[in-house]
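All chains are named by letter (A, B, ...) in the order of the sequence lines, taking the proteins before the strands, and each is independently numbered beginning at 1.
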Protein chains: 2
Amino acid sequence: MKNPPLDERKAYILATVVYEYVASAEPVASQTLTHKYHLGVSPATVRNEMAELEAGGYLVQPHTSAGRIPSDAGYRTFVDELMHPEGLTAAERRQIRDELRDARSELDDLIDQTTRLLGRLSNSLAFVTKPQAEMQVFKHIQLISIGPRTGVAIVVTSFGVSAQNLFELTSDVSAEDLTKLSSAMNQKFTGHMLSDVKESEIANLISELKLSEELRGAVTAAMQSARSSEAPAIAAAGAQNLLDQPEFRDARKLRSILRIVEEQRTLYDIVADAMDNDVASVKIGRELGSEELADLSVVTVPYRFGPRAIGMLSILGPRRMPYARLMALAAGTAKSLSQRIAEAEIK
Amino acid sequence: MKNPPLDERKAYILATVVYEYVASAEPVASQTLTHKYHLGVSPATVRNEMAELEAGGYLVQPHTSAGRIPSDAGYRTFVDELMHPEGLTAAERRQIRDELRDARSELDDLIDQTTRLLGRLSNSLAFVTKPQAEMQVFKHIQLISIGPRTGVAIVVTSFGVSAQNLFELTSDVSAEDLTKLSSAMNQKFTGHMLSDVKESEIANLISELKLSEELRGAVTAAMQSARSSEAPAIAAAGAQNLLDQPEFRDARKLRSILRIVEEQRTLYDIVADAMDNDVASVKIGRELGSEELADLSVVTVPYRFGPRAIGMLSILGPRRMPYARLMALAAGTAKSLSQRIAEAEIK
DNA sequence: CTTTGGCACTCCTGGCTACGGAGTGCTAAT
DNA sequence: ATTAGCACTCCGTAGCCAGGAGTGCCAAAG
């Protein structure tokens, strides 16, 4: 596993091997390359080059007398240095935009729709993290009295209603008191970042208004769940698409994937560090950090609310995936989603 | 496919074939039966009986010299007439109750949890329809002003917050007017069934208060989505469990299942008519109405809010499933879920 | 008339071998 | 440095055979 910089011909051969293997799912032979791509050299020369690429760790041979397939490192080099980035056609862009425009404006539904759309377009498994709300703007809180000792706290942010929490108290609270507290909070916090609404300030308001200390717990719980900080829920769609790929002929491979998707936690860990990136990031094979996922790759793009990333949109497929295409697709969808969210903002 | 009533011995043989096939996933031979179950007759006799059961349409033979497996009709007879109903042990009951008790009280989360639990316990794919809310009691509506022309309508029912709808108007409405309308509606409708809140009465209130006609649309839309009448969302979990079953060795079989689960609509059609039943209903193989699902079965049990069924909880697995066990599991879980929902009721 | 032992027959399964084909690595010539 | 040629390796498949499981039927027994 040395790492000499690749000369131009080696780079081209590596790229064509990736390209060809992605298309055919078969190990790529020297002759295939000379036939399909005009290399201007003989198969024997290509074999020599491929042997060196293998020594360098870019290619592997499934067995002695077979063609070559890319290794993790081979894909990595391809993605980072060799491939031509793709874009979407105007028609595709339009299609994405239109489908999202038709979606219902509820944020959760919008995320679901986006996930399905992306799963369909990529013909892979798509998953999208629900927005992290910390950076939303606080718009309104409303405490509603339901019974003498029960109530509902509703928090509205720039994304829409983002939390509703039932609470129960041990002593009676009047509807008027709840209204008073609601208005006080609205006056004080409206327009602030959600993360700037501090528990201590809520406590101050409550004691100023001479209300039950218990309310503090209820209100902060509601604010808490509006923020829903770590490991937010993840929507997934398109698992069935994976079954088209020859690498899933053996159904067992799918098992761990389905389990991981259902658990969500691992999924989130995989994409978490892509949040700060502003373009598509890719994790290839073992980079996913789990032996079970060793022959998969994930493309991730954050989506935004204004300037700030609030969630991520990912495509999971076999390592043998059309990287440039899927990166374009993810980026395009993220862009449309971001726009859609911006439009839906409550000003 | 005649249908003579089965004599006792035939019935017993059919039952043991089902039992044995469910356990082993292998066609059942005459000798297996005489060995494992004390029939008091020889294999040859059993063979004669099995031949007649095959003529009657209860059994089929995968190939000439193989044992028998049950047909749809065989399973159906088994489920309807032959099998001994099972119950859950006290420990299992307790486990279910405890796991649901720990669940968060948000209704959606509760449904999700229940689905996962059922998927885990049944080692199959579980799915649960979200409650149909028509029969909920209206508790409260709150119209909140967010901007001069935008607002949020929040409807609280006995299940908790069941709808939040953003609305936008073409002319300004004051926060006071919204509060006025909210109180008027609360006074008039609190305690009524959701289905009894008629659009015309809302319109009356609005004109009495001399408010914009536009509000009528906004409010009725919110009431509408609180009711969310037909084909409600469905939570699913445990698809990976199916991969343990030998019938899914071939991954293609899973494809259509995953697609159908994702679509939801077909899933809902399958279970819809089980709503009125008050015990577990079973659909076997072709009874599911789709060639794709021909080797699957579904067990469905409604869950309740008070006396009324509000949703269904189902287990989908290979036709070769332990019916009595899964019916007990589904029924037990439905019962616990119903109780949990009753407890969470907002009085 | 029902039951049963016996037996021939069918069909599946797994292992073995042979073989064609694809593709490489190496060597020697250009 | 490139390449033609060639021997070699390994995979995949087809064909074959033997073993085994299970049936259907017949004829004898209860």
Write out a two-atom table: protein N or O, nucleotide N or O from nucleotides 24-30 of chain D, distance below 3.5 Å.
unit_1, atom_1, unit_2, atom_2, d
D:dG24, OP1, B:Arg68, NH2, 3.0
D:dG24, N7, B:Arg47, NE, 3.1
D:dG24, O6, B:Arg47, NH2, 3.1

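For the OP1/OP2 pair of C:dT4 and a distance below 4.0 Å, the side-chain nitrogens and oxygens of B:Ser42 include at least one atom meeting the criterion. Regarding contacts with the backbone of C:dT4, a side-chain N or O of B:Thr45 is found under 4.0 angstrom from either OP1 or OP2.
With rounding to the nearest 0.5 angstrom, the OH atom of B:Tyr75 is 16.0 Å from the OH atom of B:Tyr58.
With axes fitted over five pairs at each extremity, the angle between the ends of the helix from C:dC1-D:dG30 to C:dT30-D:dA1 is 20° (10° resolution).
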Practice item. Check the pair B:Val17, B:Phe78 against side-chain contact (heavy atoms from CB on, under 4.5 Å), reporting the backbone distance first and the verdict last. Key: CA-CA 10 Å; B:Val17 168; B:Phe78 175 77; over 6 Å; no
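Note on B:Arg265 versus B:Asp269: salt bridge recorded, some NZ/NE/NH1/NH2 to OD/OE distance being below 4.0 Å. Salt-bridge annotation for B:Glu92 and B:Arg325: present, with a side-chain N of the basic residue lying under 4.0 Å from a carboxylate O of the acidic one. Between A:Asp295 and A:Arg286 there is no salt bridge, since no side-chain N of the basic residue sits under 4.0 Å from a carboxylate O of the acidic one. Using a cutoff of 4.0 Å between basic side-chain nitrogens and carboxylate oxygens, B:Lys253 and B:Glu292 are not scored as salt-bridged.
Between the CG atom of A:Leu53 and the P atom of C:dG25 there is a distance of 12 Å, given to the nearest Å. Computed from coordinates, the B:Glu52 CD to C:dC1 C1' distance equals 13 Å when rounded to whole Å. Put simply, CG on A:Leu33 is 9 Å from P on C:dT24, counting in whole angstrom units. In this structure, A:Gln31 places its CD atom 12 Å from P of D:dA4, rounding to the nearest Å. In this structure, B:His35 places its NE2 atom 14 Å from C1' of D:dG22, rounding to the nearest Å. Remark: C1' of C:dG23 and CD of A:Glu49 are 18 Å apart, rounded to the nearest angstrom. Rounded to whole angstrom, the span from the CD1 atom of A:Ile13 across to the C1' atom of D:dT2 amounts to 13 Å. A:Glu26 has its CD atom 13 Å from the P atom of C:dT24, to the nearest Å.
No side-chain heavy atom of B:Met321 sits under 4.5 Å from any side-chain heavy atom of B:Gln245. Residues A:Ile96 and A:Leu88 form a side-chain contact, since some pair of their non-hydrogen atoms from C-beta on lies under 4.5 Å apart.
In the set C:dC12, C:dT4, D:dA4, C:dC12 carries the atom at the smallest distance from any side-chain atom of B:His63.
In this structure, the side chain of A:Thr32 does not engage the main chain of A:Val28 through any donor-acceptor pair within 3.5 Å.
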